[in-house]
Amino acid sequence: MKILNCGSLNIDRVFQVNDLVRPGETIPANGMELHAGGKGLNQSLALARAGAEVAHLGAVGQDGVFLKELLAADGVDTAFVAVNSHTLSGQAVIQVTNSGENAIVLYPGSNHTLDAGRSAAAMKLMQPGDMLLLQNETNNVAQMIEQGAKYGLKIFFNPAPMTDEVKKYPLELVDTLIVNETEAAGLAGCSGSADRVLKLLRKMMPSCNLLLTLGSKGSLWAGRDGRIISAEACSIAPAVDTTAAGDTFTGYFMAALARQKSVEIALHEASIAAGWCVAHHGAAPSIPYFKDIQKFSDPK
């Protein structure tokens, strides 16, 4: 089973500072690092490193060709990653203090230049029953949900970042919704326990599988068949960086399903991979290869 991931590709510029800059202020940075980023890139890397056959649909500017090359080096099909000469790649300017506080300015750039013709061309190469993964960092998300349904793809949607616009998307066409606690509460329009939020989402989306990620508290699966499955979080080593944990979880979960594994095994492998991820620094560099987690991956 193949997976088409339509997602963001960003250049992250991370500045280490003593304090976050205030209006009208100019401050020195103690250091600066350039990283590959974007939820789409992280999730495609996680899918590929978990062994899935994945193609990426997206766009970069000339400044972001290295993002496309990074994906290709890990076995991702990048035939549908456009390189625009007229638009910069997506950019994130990130300030991080010594205490870990951060502030982020996000510029969508080429991530908001995706067109229906290109996405349709990519989907035509898939087979009915293949998977389509979408996030909310590109344009035309609602249209791509509709296109995916037209071509018979199983649509997995991770509405991050969560916006009010998401509620207007044709969510009834989504096969599986993947949300963290904040995204789930925003979509349900309420706060409270995970069980309460899941019940409200089930009423809103009765035909959709729901996957709620809970960080250190694990995850919850609420299937359209009524099954509720919980999975514990996995601790490989002390957590040092949670940046790509959710994207790693998503990629490994879908990769296991693509191998026809059960939901229980998919949740278990995703938890192991996320546990590995948070024990290592960086976003893309912290996403494990399947061989890294294989010795942990057999459920007891």
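If you're wondering where the values come from, they're calculated on a predicted model, not measured in any experiment. Quick note: numbers below take in every heavy atom, side chains included, and nothing from hydrogens, waters or symmetry partners. One-based numbering along the sequence shown.
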Checklist entry - According to the salt bridge (Lys or Arg N to Asp or Glu O under 4.0 Å) rule, which pairs have a member within residues 74-97, sequence neighbours left out? => result Arg49-Asp74

Next on the checklist: Tell me if the NE2 atom of His281 is crowded by more than 12 foreign heavy atoms within 6.0 Å.
Outcome noted: no

All N/O donor-acceptor pairs, side-chain side in residues 122-131, below 3.5 Å, sequence neighbours left out:
from   : atom 1 : to     : atom 2 : distance (Å)
Asp130 : OD1    : Lys2   : N      : 3.2
Asp130 : OD2    : Gln127 : N      : 2.8

Checklist entry - Which residues satisfy the side-chain contact (heavy atoms from CB on, under 4.5 Å) test with Glu172, sequence neighbours excluded? => result Pro170

Item to check | Test side-chain hydrogen bond (donor to acceptor under 3.5 Å, both in side chains) applied to Asn18 and Asn30, step by step | outcome: CA-CA 8 Å; Asn18 293 327; Asn30 301 320; 3.0 Å; yes

Item to check | Residues forming a side-chain contact (heavy atoms from CB on, under 4.5 Å) with Arg259, sequence neighbours excluded | outcome: Ala255, Ala256, Lys261, Glu269, Phe290

Throw together a table of side-chain donor-acceptor distances under 3.5 angstrom for residues 19-28, partners on residues two or more places apart or in other chains.
from  : atom 1 : to    : atom 2 : distance (Å)
Arg22 : NE     : Glu25 : OE1    : 3.4
Arg22 : NH2    : Glu25 : OE2    : 3.4
Glu25 : OE1    : Arg22 : N      : 2.9

Next on the checklist: For Lys203, give me all partners under salt bridge (charged side-chain N to carboxylate O under 4.0 Å, His left out), at least two apart in sequence or on another chain.
Outcome noted: none

Next on the checklist: Please enumerate all residues that pass side-chain contact (heavy atoms from CB on, under 4.5 Å) together with Ala233, with sequence neighbours excluded.
Outcome noted: none

Next on the checklist: Can you confirm whether the side chains of Thr97 and Asn102 place a donor and an acceptor under 3.5 Å from each other?
Outcome noted: no

Checklist outcome for this item: With sequence neighbours left out, the residues meeting side-chain contact (heavy atoms from CB on, under 4.5 Å) with Ala29 are Phe15, Val17

Atom pairs and distances, side-chain donor-acceptor, residues 212-221, under 3.5 Å, sequence neighbours left out:
from   : atom 1 : to     : atom 2 : distance (Å)
Thr213 : OG1    : Val179 : O      : 3.4
Lys217 : NZ     : Glu181 : OE2    : 3.2

Can you list, pair by pair, the side-chain donor-acceptor contacts under 3.5 Å of residues 148-158, counting residues two or more places apart and other chains?
from   : atom 1 : to     : atom 2 : distance (Å)
Asn158 : OD1    : Gln43  : NE2    : 3.1
Asn158 : ND2    : Ile178 : O      : 3.0

Next on the checklist: Can you pull out every salt bridge (Lys or Arg N to Asp or Glu O under 4.0 Å) where at least one residue sits in residues 245-256? Sequence neighbours excluded, please.
Outcome noted: Lys39-Asp247

Checklist outcome for this item: Going by chain and number, the hydrophobic cluster around Val278 (ILVMFWY, side chain to side chain under 4.5 Å) further includes none

